[in-house]
Amino acid sequence: MTLTLYTNPMSRGRIARWMLEEVDAEYETVVLDYDTAMKAEPYLSINPMAKVPAIVHNHKTVTECAAICAYLADAFPDADLAPRDEERADYYRWLFYAAGPVEAATGNRALGVVPDAAQQRMIGYGSFDRVIDVLEQAVAAHSYIAGDRFTAADVYVGSQVIWGMQFGWLPKREAFADYAARLIERPAYLRAAALDDALIAVAA
């Protein structure tokens, strides 16, 4: 079995790294810089979008952080991070809610893009405030996003919440802070953060 993570420690690659640590996978790390290696071969043959992260597992490529999290949960069933029957609806609902409306709404907010009323009917997420209110209700409903057990969906949703508050994309509401606090204490999260922080320190 071969597994390679293509990443940059100052990117969404940190999400994929966290998920790899959660499933306790053995993997190789290839660090790419933004200006050259990420936009050239051989990486463009792996991800033509010239973005990280990507993983290659047994000669198959997976890109997009939410997809990587879901894939690894299925590929490493012993980690027990894929949804059980009673968790499946919330698992997929909130995993893709974070990858769709939350990612789009916070990205636009960070860029200063504020859709007017007519534009809100056209875009998939509607209004920023509604997206954030719904996300708050979701993380407050249970200890974790799909229920009372940590799953792969928490890696992705949790990353959106942790980074969102850190960079000011999300308001620091109590429900978000409580949810984030549960996640950043996880051993896999701490291992992943230490690995990426060490790479940043070397590059500095």
Side-chain angles (χ1 to χ4, degrees), residues 1-9 11-31 46-47 49 51-104 106 134-135 137-164 170 175-176 178-196:
M1 179 183 297
T2 59
L3 203 167
T4 303
L5 167 66
Y6 295 86
T7 188
N8 182 291
S11 76
R12 290 173 177 82
R14 295 178 77 103
I15 301 173
R17 168 95 70 188
W18 179 11
M19 186 63 199
L20 285 163
E21 292 296 320
E22 288 285 356
V23 299
D24 197 25
E26 293 184 8
Y27 62 96
E28 176 188 5
T29 300
V30 176
V31 178
I46 295 168
N47 187 0
M49 289 294 291
K51 295 282 190 177
V52 291
I55 63 168
V56 176
H57 183 220
N58 292 338
H59 310 294
K60 296 292 186 179
T61 299
V62 186
T63 64
E64 315 315 316
C65 288
I68 290 170
C69 290
Y71 174 86
L72 289 172
D74 290 339
F76 294 86
D78 288 348
D80 198 21
L81 295 180
R84 298 170 185 169
D85 287 346
E86 67 275 13
E87 299 164 337
R88 198 171 306 278
D90 284 340
Y91 176 96
Y92 285 113
R93 177 186 183 184
W94 299 117
L95 176 63
F96 290 107
Y97 182 80
V102 174
E103 176 83 16
T106 55
V134 172
L135 180 63
Q137 294 168 16
V139 302
H142 309 282
S143 296
Y144 297 101
I145 199 65
D148 295 324
R149 187 180 71 94
F150 180 89
T151 67
D154 290 293
V155 174
Y156 188 78
V157 177
S159 294
Q160 293 282 1
V161 171
I162 293 164
W163 287 358
L170 287 183
F176 294 148
D178 289 347
Y179 178 55
R182 286 191 288 276
L183 300 181
I184 63 175
E185 294 178 348
R186 293 185 62 81
Y189 176 90
L190 295 172
R191 288 196 306 272
L195 289 167
D196 280 322

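Worth knowing before you read on, the calculation uses all heavy atoms, side chains too, and leaves out hydrogens, waters and symmetry mates.
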Where [X] and [Y] come nearest, the two heavy atoms and their spacing:
X      : Y      : answer
Ala66  : Leu95  : CB-CD1, 3.9 Å
Pro9   : Asp196 : CB-O, 3.4 Å
Ser11  : Val52  : OG-CG2, 3.5 Å
Ile15  : Cys69  : CG2-SG, 4.0 Å
Val157 : Ala98  : CG2-CB, 3.9 Å
Trp18  : Val155 : CZ3-O, 3.4 Å

Any non-hydrogen side-chain atom of [X] less than 4.5 Å from a side-chain atom of [Y]?
X      : Y      : answer
Met49  : Thr63  : no
Asp154 : Tyr179 : yes
Glu22  : Leu72  : no
Val161 : Leu170 : yes
Tyr144 : Leu183 : yes
Thr7   : Thr29  : yes
Phe176 : Leu135 : yes

Polar contact flag, side-chain donor to acceptor under 3.5 angstrom, [X]-[Y]:
X      : Y      : answer
Arg12  : Ser159 : no
Tyr71  : Glu64  : no
Glu185 : Tyr189 : no
Tyr27  : Arg17  : yes

Arg186 bridged to Glu21 by N-O distance under 4.0 Å: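 Judged by the 4.0 Å cut-off on N to carboxylate O distance, Arg186 and Glu21 do not form a salt bridge.
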Arg149/Asp80 ion pair, N-O < 4.0 Å: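 Judged by the 4.0 Å cut-off on N to carboxylate O distance, Arg149 and Asp80 do form a salt bridge.
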CA sep, side-chain torsions, deciding dist, call: Tyr91, Ile145, side chain to side chain contact (heavy atoms under 4.5 Å, CB included): CA-CA 7 Å; Tyr91 176 96; Ile145 199 65; over 6 Å; no
Spacing of Asn58 atom CG and Thr2 atom OG1 [to the nearest 0.5 Å]: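 Nearest 0.5 Å value for the CG-OG1 distance: 5.0 Å.
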Asp90 CG to Arg88 CZ distance, which is reported to the nearest 0.5 Å: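 The CZ atom of Arg88 is 12.0 Å from CG of Asp90, to the nearest 0.5 Å.
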Steps toward side chain to side chain contact (heavy atoms under 4.5 Å, CB included) verdict (Tyr6, Ile46): CA-CA 9 Å; Tyr6 295 86; Ile46 295 168; 3.4 Å; yes
Tyr97 vs Gln160, side chain to side chain contact (heavy atoms under 4.5 Å, CB included): CA-CA, chis, key distance, verdict: CA-CA 11 Å; Tyr97 182 80; Gln160 293 282 1; over 6 Å; no
Test side chain to side chain contact (heavy atoms under 4.5 Å, CB included) applied to Thr106 and Trp163, step by step: CA-CA 11 Å; Thr106 55; Trp163 287 358; over 6 Å; no
Qualifying residue for side chain to side chain contact (heavy atoms under 4.5 Å, CB included) with Phe76, from Asp24, Leu20, Leu81, Leu3: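 With Phe76 as partner, side chain to side chain contact (heavy atoms under 4.5 Å, CB included) holds for just one option, Leu3.
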